[in-house]
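Taking it in order: structure first as structure tokens, then the write-up.
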There are 2 protein chains.
Amino acid sequence: MDIGTFSALAEPNRLRIVELLAHGPLTVGEIAERLNLRQPQASKHLRVLLDARLVTVHADANRRNYALQMEPLQEMDAWLNNYRRMWNERFDNLDQYLQELQSKPEQ
Amino acid sequence: MDIGTFSALAEPNRLRIVELLAHGPLTVGEIAERLNLRQPQASKHLRVLLDARLVTVHADANRRNYALQMEPLQEMDAWLNNYRRMWNERFDNLDQYLQELQSKPEQ
DNA sequence: GAGGAATATTCTTGTCAAGGAATATTTAAA
DNA sequence: TTTAAATATTCCTTGACAAGAATATTCCTC
């Protein structure tokens with residue numbers, strides 16, 4: 001698991017940027033406006049997200065379109081696989097417990 | 001999505017602690033030993049993980065057993081749900097494209 | 001080509017987090 | 001009851017990072 005992904009997302013504005021871009025690419029100005037950020041801060045946060053490969057840029061003349069990149073999130077997903085097993089186990093245990101309750105409901 | 005989870009995991013030693021605890025609870029000393037940390041640093045990192053609710057402690061006389069807590073990871077998992085749709089879409093598109101290639105292989 | 005829009009970068013400053021060293025606290029053992 | 005083990009906490013210093021302000025860069029339009 002690349003820690004850079006966590007670092008990048010561990011900042012409120014950057015997490016909001018990612019969530020914004022989930023609905024489609026946006027320019028710096030649009031992002032700054034919707035998140036009430038000043039343009040330089042938006043650019044700087046996007047730079048961090050870019051370095052973490054969470055977004056890509058496409059220059060369109062004056063504008064720059066930033067788009068979400070899925071790979072780091074897929075890596076997070078894969079990392080979580082190691083733990084899904086566990087909370088499923090726990091759920092299974094609860095499930096098993098409830099079924100045992102079912103089979104002997106009185107006392 | 002609680003940003004505290006990302007912050008807590010955005011530190012190499014803490015991520016390794018979490019991965020260690022995936023195999024079962026450990027004491028501070030065991031964690032410090034396996035990760036080549038000094039005891040105070042181990043305690044401090046565990047404190048951060050505790051505040052982020054990523055671990056729980058159980059005092060056993062002198063020792064303290066730290067155990068992994070799944071809830072924050074489940075929350076991450078739920079957050080990722082918003083994005084899984086997208087990378088599946090992309091995969092579907094690729095799949096569709098490949099199938100189109102299949103159906104007209106020669107030009 | 002001058003001016004303005006969109007964006008990136010630099011510099012500075014304040015805040016926060018991490019490691020090291022030392023110390024406090026609790027508990028077991030002798 | 002003194003001693004040692006296991007752990008937590010404090011203080012200090014240092015480095016990273018975020019916001020603000022200013023400035024540079026690129027491109028479009030007139």
Side-chain angles (χ1 to χ4, degrees), chain A residues 1-21 23-69 72 76, chain B residues 1-21 23-69 72 76:
Chain A
M1 179 64 208
D2 179 18
I3 267 186
T5 307
F6 287 141
S7 306
L9 297 176
E11 205 279 335
N13 294 309
R14 286 199 291 267
L15 184 62
R16 293 169 71 198
I17 290 179
V18 165
E19 292 174 340
L20 249 190
L21 293 181
H23 305 114
L26 291 175
T27 69
V28 178
E30 291 168 330
I31 294 170
E33 186 192 0
R34 304 200 191 183
L35 299 187
N36 280 315
L37 295 177
R38 304 175 194 276
Q39 175 268 317
Q41 332 302 337
S43 281
K44 283 187 268 190
H45 284 307
L46 285 165
R47 174 82 158 132
V48 175
L49 292 173
L50 195 62
D51 291 344
R53 303 175 195 284
L54 275 160
V55 299
T56 52
V57 219
H58 270 69
D60 173 22
N62 229 0
R63 318 280 178 88
R64 307 239 168 156
N65 283 286
Y66 282 86
L68 196 55
Q69 205 67 15
M76 268 187 49
Chain B
M1 178 66 208
D2 180 17
I3 266 186
T5 307
F6 287 140
S7 307
L9 297 176
E11 206 279 334
N13 294 310
R14 285 198 293 265
L15 185 62
R16 292 169 71 200
I17 291 179
V18 165
E19 291 174 340
L20 250 190
L21 293 181
H23 306 115
L26 291 174
T27 68
V28 178
E30 292 168 326
I31 294 171
E33 186 191 0
R34 305 201 189 182
L35 298 187
N36 280 315
L37 294 177
R38 305 174 193 276
Q39 175 268 317
Q41 332 302 334
S43 281
K44 283 189 265 190
H45 283 308
L46 286 164
R47 174 81 159 132
V48 175
L49 292 173
L50 196 61
D51 289 345
R53 303 177 196 282
L54 274 160
V55 300
T56 52
V57 219
H58 269 70
D60 173 23
N62 228 0
R63 319 279 178 90
R64 308 241 167 153
N65 284 287
Y66 282 86
L68 196 55
Q69 206 66 13
M76 268 189 48

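We name chains A, B, ... by the order of the sequence lines, and we start the count at 1 in each one. Any value given below was found using the heavy atoms of this structure, including those in side chains, with hydrogens, waters and symmetry copies removed. The structure displayed is predicted, hence computed values, not measured ones.
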Inset, instruction - Check whether any side-chain N or O of Gln41(B) sits under 3.5 Å from a backbone N or O of Arg38(B) as a donor-acceptor pair, and report yes or no. - result: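 Absent.
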Legend entry - Whether Arg14(A) side chain and Ala8(A) backbone form a donor-acceptor pair below 3.5 Å: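 Yes, Arg14(A) side chain to Ala8(A) backbone: donor-acceptor pair under 3.5 Å.
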Could you list the protein-to-nucleotides 14-17 of chain C atom pairs, N/O on both sides, closer than 3.5 Å?
none

Inset, instruction - Check whether any side-chain heavy atom of Leu26(A) sits under 4.5 Å from a side-chain heavy atom of Arg34(A), and report yes or no. - result: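 Yes. Closest side-chain heavy atoms under 4.5 Å.
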Inset, instruction - Would you check if Leu20(A) and Arg16(A) make a side-chain contact, meaning some heavy-atom pair closer than 4.5 Å? - result: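 No, every pair of side-chain atoms sits at 4.5 Å or beyond.
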From [atom1] of [X] over to [atom2] of [N], roughly how many Å is that when rounded to an integer?
{"X": "His45(B)", "N": "dG19(C)", "atom1": "NE2", "atom2": "C1'", "value": "8 Å"}
{"X": "Leu37(A)", "N": "dA6(C)", "atom1": "CG", "atom2": "C1'", "value": "16 Å"}
{"X": "Asn13(B)", "N": "dG20(C)", "atom1": "CG", "atom2": "C1'", "value": "14 Å"}
{"X": "Leu35(B)", "N": "dG19(C)", "atom1": "CG", "atom2": "P", "value": "12 Å"}
{"X": "Glu33(A)", "N": "dA5(C)", "atom1": "CD", "atom2": "P", "value": "15 Å"}
{"X": "Arg64(B)", "N": "dT25(C)", "atom1": "CZ", "atom2": "P", "value": "13 Å"}

Nearest 0.5 angstrom please: [X] [atom1] to [Y] [atom2], how far?
{"X": "Asp2(B)", "Y": "Leu15(A)", "atom1": "CG", "atom2": "CG", "result": "10.0 Å"}
{"X": "Leu46(A)", "Y": "Tyr66(A)", "atom1": "CG", "atom2": "OH", "result": "5.0 Å"}
{"X": "Met76(A)", "Y": "Phe6(A)", "atom1": "CE", "atom2": "CZ", "result": "5.0 Å"}
{"X": "Glu30(A)", "Y": "Thr27(A)", "atom1": "CD", "atom2": "OG1", "result": "3.5 Å"}
{"X": "Asn13(B)", "Y": "Ile31(B)", "atom1": "CG", "atom2": "CD1", "result": "11.5 Å"}
{"X": "Ile17(A)", "Y": "Leu54(A)", "atom1": "CD1", "atom2": "CG", "result": "11.0 Å"}

Legend entry - Presence of Arg63(B) side-chain N/O under 4.0 Å of dT27(C) phosphate oxygens OP1/OP2: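 Arg63(B) to dT27(C) OP1/OP2: no side-chain N or O under 4.0 Å.
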Legend entry - side-chain N/O Asn62(B) vs dT25(C) OP1/OP2, d < 4.0 Å: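 Looking at the OP1 and OP2 atoms of dT25(C), neither is under 4.0 Å from any side-chain N or O of Asn62(B).
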Legend entry - Range on DNA chain D touched by chain B, heavy atoms, distance below 4.0 Å: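 Listing 5' to 3', DNA chain D meets chain B from dA5(D) to dT10(D).
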Legend entry - Sub-4.0 Å heavy-atom contacts from residues 48-59 of chain A onto DNA chain C, ordered by number: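 Contacts with DNA chain C under 4.0 Å: none.
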Inset, instruction - Map Gln41(B) and Ala61(A) onto DNA chain D by nearest heavy atom, then report which one ends up closer to the 5' terminus. - result: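 Upstream on the strand: Gln41(B).
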Inset, instruction - Grab the two heavy atoms, one from Asn65(B) and one from Asp60(B), that are nearest each other, plus how far apart they are. - result: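 That closest heavy-atom pairing would be ND2-CB, 3.8 Å.
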